[in-house]
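Below, each value reflects all heavy atoms present in this structure, side chains not excepted, and no hydrogens, waters or symmetry copies.
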2 protein chains.
Amino acid sequence: MAAEIDLDRTDFAILRLLMKDAWLSNKQIAAAVGLAPSSCHERIKSLRARGVLLGAHAEVNLQAIGFALEAVLFVQLGKLEIEVVDNFVSATAAVPEVRGVFLVSGRADLVVDVVVHDMEHLKAIISQHFNRHAVVQRVETSVVFNRKQQYGMPLASSDM
Amino acid sequence: MAAEIDLDRTDFAILRLLMKDAWLSNKQIAAAVGLAPSSCHERIKSLRARGVLLGAHAEVNLQAIGFALEAVLFVQLGKLEIEVVDNFVSATAAVPEVRGVFLVSGRADLVVDVVVHDMEHLKAIISQHFNRHAVVQRVETSVVFNRKQQYGMPLASSDM
DNA sequence: ATTGAAAGACCTTGGCG
DNA sequence: CGCCAAGGTCTTTCAAT
């Protein structure tokens with residue numbers, strides 16, 4: 001499982017560019033990595049076919065459209081039967097307000113990132129999707145004051 | 001601050017589509033929302049100009065290219081002078097292995113999501129970028145067993 | 001793997017309802 | 001605000017290397 005796919009520095013350069021800006025044109029990327037547009041196009045197709053490039057997503061300013069409150073939930077679950085847990089993870093990830101779910105080791109079992117309109121909305125989400133479930137033992141809620149997201153390659157350019 | 005921008009259902013539909021797949025062509029989006037391509041194009045330009053659409057980023061299968069280990073760090077900081085804290089947040093977000101940083105209320109002050117090659121790499125990151133800093137009092141590390149990310153609009157389609 | 005060329009599709013703007 | 005039309009640009013394929 002998790003077959004290792006090896007990429008050369010050009011592939012990494014393409015991925016790095018697309019992670020920063022998925023709206024770059026093929027022509028722009030080709031120029032940046034020093035390839036002809038057709039070669040670059042082939043590389044990108046190959047990266048997609050090999051399951052390295054999974055897709056692209058718009059980054060939206062959710063604050064600007066009324067989602068003024070963000071929170072991180074630390075969820076403790078009961079008896080950890082893997083199937084039940086995975087189902088709950090999937091169900092949680094399917095909640096529109098949920099941005100990400102992490103099943104983790106340690107004090108909390110789940111770390112959940114949610115975006116909501118206001119406190120009442122947050123209360124509704126927690127009560128509806130967490131406190132209601134038998135598998136959930138406890139939810140600790142942290143308000144997010146500030147957040148920064150990184151869209152680059154987890155590898156300094158100097159490393160390749 | 002955080003001026004409220006109001007969008008109609010068509011704007012939401014466009015955003016919803018682009019959040020799921022930023023590589024949809026303007027023509028495809030126009031067809032999906034029932035507009036002429038030129039009208040749709042104008043809407044998207046406007047969304048960008050108003051700061052709602054911030055950009056787009058490729059989703060890359062990091063597991064497939066050798067980043068086999070993901071962790072969440074819960075960081076406790078010392079005396080919380082806002083300027084020092086914000087600087088540390090920015091510095092942390094600039095570390096290539098860091099995917100996201102959340103400054104939160106509650107037990108932990110920072111929640112940090114990192115992606116690394118292996119345990120040694122994780123150790124290096126923590127020791128280099130966290131334990132070394134005077135502002136950091138304690139780091140609790142949780143391994144990520146499973147994760148799901150949500151790229152949709154935090155709002156069910158039926159709500160609009 | 002990479003390239004150049006060609007055809008077709010798309011983006012983008014401007015003028016008009 | 002939305003639509004049509006036109007020009008210019010880009011994507012996409014393919015034969016050749």
Short heteroatom pairs, N/O only, protein and nucleotides 4-6 of chain C, under 3.5 Å:
| unit_1 | atom_1 | unit_2 | atom_2 | d |
| --- | --- | --- | --- | --- |
| C/dG4 | N7 | A/Ser38 | OG | 3.4 |
| C/dG4 | O6 | A/Ser38 | OG | 2.8 |

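Using a distance-only test at 3.5 Å, with no hydrogens or angles considered, a donor-acceptor pair links the side chain of A/Gln150 to the main chain of B/Ala93. Between the B/Gln28 side chain and the B/Ser25 main chain, a donor and an acceptor come within less than 3.5 Å of each other. Put simply, the side chain of A/Asn26 gets close to the backbone of A/Pro37: a donor and an acceptor are under 3.5 Å apart. Within the 3.5 Å criterion, the main-chain N or O of A/Gly152 finds a donor-acceptor partner in the side chain of B/Arg99. In terms of modelled atom types and a separation under 3.5 Å, the side chain of B/Ser39 and the main chain of B/Leu35 share no donor-acceptor contact. Under a 3.5 Å cut-off, the side chain of B/Ser142 and the backbone N or O of A/Ser105 do form a donor-acceptor pair. Between the side chain of B/Trp23 and the backbone N or O of A/Trp23, no donor-acceptor pair lies under 3.5 Å.
In this structure, CD on A/Glu97 lies 12.0 Å from OG1 on A/Thr92, to the nearest 0.5 angstrom.
Between chain A and DNA chain D, the heavy-atom contact criterion of under 4.0 Å yields a 5' to 3' nucleotide range of D/dC10 to D/dT13.
Among all heavy-atom pairs drawn from B/Asp86 and A/Asn146, the shortest one is OD1-ND2, 3.3 Å. Of all heavy-atom pairs between B/Phe67 and B/Val115, the closest is CB-CG1, 3.3 Å.
Across residues 43-59 of chain A, A/Arg43 each have a non-hydrogen atom less than 4.0 Å from an atom of DNA chain C (numbered order). Near DNA chain D, meaning a heavy atom under 4.0 Å from it, residues 7-30 of chain A has A/Ser25, A/Asn26, A/Lys27 in order of number.
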(message) Expected output check: what is the dot-bracket annotation of DNA chain D, where ( ) and [ ] are pairs inside the strand (brackets for crossing ones), | is paired with another strand, and pairs are Watson-Crick or G-U under 3.5 Å?
(response) .||||||||||||||||
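Under the 4.5 Å side-chain criterion, counting only non-hydrogen atoms from C-beta, B/Phe74 is not in contact with B/Thr141.
Taking the centre of each ring, B/Phe145 and A/Phe102 stay at or above the 6.0 Å mark.
Classification of the B/His57-A/Tyr151 ring pair by plane angle, with boundaries at 30° and 60°, yields parallel.
Side chains of B/Ser46 and B/Arg50: a donor on one and an acceptor on the other come within 3.5 Å.
For A/His121, the ring-ring contact (aromatic ring centres under 6.0 Å, His included) partners at least two apart in sequence or on another chain are A/His117.
As a whole-Å value, the separation of A/Glu42 CD from C/dT2 P is 10 Å.
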